[in-house]
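Since this is a predicted model, take the numbers as computed values, not measurements.
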Amino acid sequence: IFLTPLFSSIVQAFVFGGIAGIETDGVPMLLFYLCSNAIWAFFSSCLINNANTFTANAYVFGKVYFPRLTTPISNVLSSMIRFAIQTILVLIFMVYFLLHNAVAPNWGAWIMVPVELVHLGILGMGFGVIISSLTTKYRDLVALVDFGVSAWMYLTPVVYPLSTVSETWMKNLVLVNPVTPAVEMIRYAILGKGTIDWGFYGLSWAITMVVA
């Protein structure tokens, strides 16, 4: 839980920050990637863990009656616990950089963090349940889920801040992605840097409600 995001963040800071030269809006690179990876890991685990929930638990569903959404919701809650643990690592580095005046969180916006976790949890669960219902008929679809989630990550400002996307059409494409506004909102609160477009933020919630 601690080592994987730490090593991933170190590699990303070296590759995307050091070699590719991608700026992180003045936020220390390691802290930027630690925070971004924790957010994405939460969303992706909500989606992936629910992508096979019906096929993996078919034997239980066939023997005992209980609300079918219990399993997807429990997957989201377990992902939330994992996110909370990874956030400890983020806070440890944040304290260090705060002491060196290298980061300035928006403390008043921290109230939006649990809101956006619910937002991402519902979104990931919704897409996961949709995929899971499809895999009951098309079993091979499961093999594409991991690839699709990996591709989705690069359409989301995880390894780069939204401010680095200069082309208008490309920026709008990234913003249409319903995960983008939630990621930017959480980073805006925790790191003090983020691009908030309220129009696309509302669209993100609209898509989330449809998917849910």
Requested in this report: Before giving the answer on side-chain contact (heavy atoms from CB on, under 4.5 Å), spell out for Leu77 and Ile73 the whole-Å C-alpha distance, their side-chain angles and the decisive distance to 0.1 Å.
Outcome: CA-CA 6 Å; Leu77 292 177; Ile73 291 174; 4.2 Å; yes
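- You'll find the side chain of Pro181 stays beyond 4.5 Å of the side chain of His119, heavy atoms only.
- Val145 is listed as a side-chain neighbour of Leu47, based on a closest heavy-atom distance under 4.5 Å.
- Val90 and Met112 are not part of a single hydrophobic cluster, where members link through side-chain heavy atoms under 4.5 Å apart.
- Between the side chain of Tyr33 and the backbone N or O of Ile10 there is no donor-acceptor pair closer than 3.5 Å.
- Linking Ile, Leu, Val, Met, Phe, Trp and Tyr whenever their side-chain heavy atoms come within less than 4.5 Å leaves Met80 and Met185 in two separate clusters.
- Panel note: side chain Thr180, backbone Leu175; no donor-acceptor pair is recorded below 3.5 Å.
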Acceptor/donor pairs from residues 120-130 side chains to any protein atom, 3.5 angstrom cut, sequence neighbours excluded:
none

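- Grouping the Ile, Leu, Val, Met, Phe, Trp and Tyr side chains by contacts below 4.5 angstrom, directly or via other members, places Val118 apart from Ile39.
- For the pair Asn49/Ser79, a side-chain contact is recorded, criterion being any heavy-atom separation below 4.5 Å from C-beta on.
- Atom CH2 of Trp169 is surrounded by 12 or fewer heavy atoms from other residues, nucleotides or ligands within 6.0 Å.
- Remark: Glu116 CD to Ile190 CD1 distance equals 11.0 Å, nearest 0.5 Å.
- Looking at Val174 and Tyr160, their side chains come closer than 4.5 Å, going by heavy atoms from C-beta outward.
- Taking CZ of Phe43 as the reference point, atom CG of Leu117 lies at 13.0 Å (rounded to 0.5 Å).
- Under 3.5 Å, the side chains of Ser8 and Asn37 contain no donor-acceptor pair of N or O atoms.
- Summarising the geometry of Val103 relative to Leu98, their closest heavy-atom pair is O-CD2, 3.4 Å, with the distance given to 0.1 Å.
- Aromatic ring orientation, Trp205 versus Tyr201: perpendicular (interplanar angle above 60°, classes split at 30° and 60°).
- Side-chain contact between Pro161 and Glu23 is absent, with no heavy atoms from C-beta onward closer than 4.5 Å.
- For the atom pair CD1 of Ile85 and CD1 of Ile1, the computed distance is 4.0 Å after rounding to the nearest 0.5 Å.
- Residues Phe200 and Asn172 have side chains in contact (heavy-atom distance under 4.5 Å, counting atoms from C-beta outward).
- Of all the heavy atoms in Pro72 and Asn50, the pair that sits closest is CA-OD1, 2.9 Å.
- For the residue pair Val179 and Trp152, the shortest heavy atom distance occurs at CG2-CZ2, 3.6 Å.
- Between the Glu184 side chain and the Ile196 main chain, no donor and acceptor come within less than 3.5 Å of each other.
- The minimum heavy-atom distance linking Thr24 with Pro28 is given by the pair OG1-C, 4.5 Å.
- Of all non-hydrogen atoms in Trp110 and Leu91, the two that sit nearest each other are CH2-CD2, 3.9 Å.
- A single hydrophobic cluster is seen to contain both Ile111 and Val115, as judged by linkage of ILVMFWY side chains at heavy-atom distances under 4.5 Å, directly or through other members.
- The closest side-chain heavy-atom distance from Arg82 to Ser45 is not below 4.5 Å.
- Distance check: Leu89 CG to Leu31 CG gives 9.5 Å after rounding to the nearest 0.5 Å.
- In this structure, the side chain of Asn106 does not engage the main chain of Gly108 through any donor-acceptor pair within 3.5 Å.
- Of all heavy-atom pairs between Leu30 and Phe93, the closest is CD2-CE2, 3.4 Å.
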Query raised in the report: When you look at Gln86 and Leu34, which way does the side-chain contact (heavy atoms from CB on, under 4.5 Å) test go after all the steps?
Result: CA-CA 9 Å; Gln86 290 185 356; Leu34 279 171; over 6 Å; no
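- Counting heavy atoms of neighbouring residues, nucleotides and ligands inside a 6.0 Å radius, atom NZ of Lys193 does not exceed 12 of them.
- Shown here is Tyr96, whose OH atom has no more than 12 heavy atoms of other residues, nucleotides or ligands within 6.0 Å.
- Two residues are said to be in side-chain contact when any heavy atoms from C-beta on lie closer than 4.5 Å; Met29 and Phe14 fail this criterion.
- In the hydrophobic clustering of ILVMFWY residues, with side-chain heavy atoms under 4.5 Å counting as a link, Phe2 and Ile81 come out together.
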